Amino acid sequence: MSIRYSQDFKDSLVKLHQEGRSLKSLAEEFGPSKDSIAIWIKQATPVMIKWQSKTLKDVKKLEKRLAILEEEIKI
């Protein structure tokens, strides 16, 4: 059974990592695996797209919205 963590919880662990905490120490103290925390960090890491900073999560939201709009155009 997988555990669902709130976005606030994920964001707080990402912030702690950005402040210098290791993946190992975060996993030991808070419970999620190092791999899960690493994924959350990757999702929160901004990338530049057309001179704008976007996170992976932002890009996935935009792709989802684009797919919806493309379906609406077909109708």
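All values derive from a computational prediction rather than experimental measurement. Heavy-atom basis, side chains included; hydrogens, waters and symmetry copies ignored.
No continuous path of hydrophobic side-chain contacts links I73 to I68 [ILVMFWY only; heavy atoms under 4.5 Å]. If you chain together hydrophobic residues whose side chains sit under 4.5 Å apart, V59 and L69 never meet in one group.
Atom CD of Q43 is separated from atom CG of D11 by 10.0 Å, given to the nearest 0.5 angstrom. K54 contributes atom NZ, which lies 10.0 Å from atom NZ of K61 (distance to the nearest 0.5 angstrom). Here the NZ atom belonging to K15 is positioned 13.0 Å from the CG atom belonging to D8, to the nearest 0.5 angstrom.
Here the shortest heavy-atom pairing between T55 and A44 reads CG2-O, 3.4 Å. Residues P32 and I37 approach most closely at O-CD1, 3.9 Å, considering heavy atoms. Across all their heavy atoms, A27 and S33 have their closest contact at CB-C, 4.2 Å.
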Task: Residues L16, F30; criterion side-chain contact (heavy atoms from CB on, under 4.5 Å); working and verdict - done: CA-CA 11 Å; L16 288 170; F30 297 101; 3.8 Å; yes
Open item on the list: Please evaluate residues L23 and I41 with respect to the criterion side-chain contact (heavy atoms from CB on, under 4.5 Å), reporting the C-alpha separation (whole Å), side-chain torsions for both, the decisive distance (0.1 Å), and the verdict.
Closed with: CA-CA 10 Å; L23 292 177; I41 292 165; 3.5 Å; yes
- [ ] Apply side-chain contact (heavy atoms from CB on, under 4.5 Å) to the pair K57 and K42, showing each step before the final yes or no.
- [x] CA-CA 9 Å; K57 188 179 355 176; K42 182 177 178 181; over 6 Å; no
TODO: Output, in order, the C-alpha distance, side-chain angles, deciding distance and verdict of salt bridge (charged side-chain N to carboxylate O under 4.0 Å, His left out) for E70 and K74.
DONE: CA-CA 7 Å; E70 286 174 340; K74 289 180 184 178; over 6 Å; no
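The shortest side-chain heavy-atom distance between R65 and K60 does not fall under the 4.5 Å cut-off. Side chains of L26 and H17 form a contact here, defined as non-hydrogen atoms less than 4.5 Å apart. Side-chain contact between S36 and Y5: absent, with no pair of heavy atoms (C-beta onward) separated by less than 4.5 Å.
Remark: the backbone N or O of R21 is not paired with any side-chain donor or acceptor of S25 at under 3.5 angstrom.
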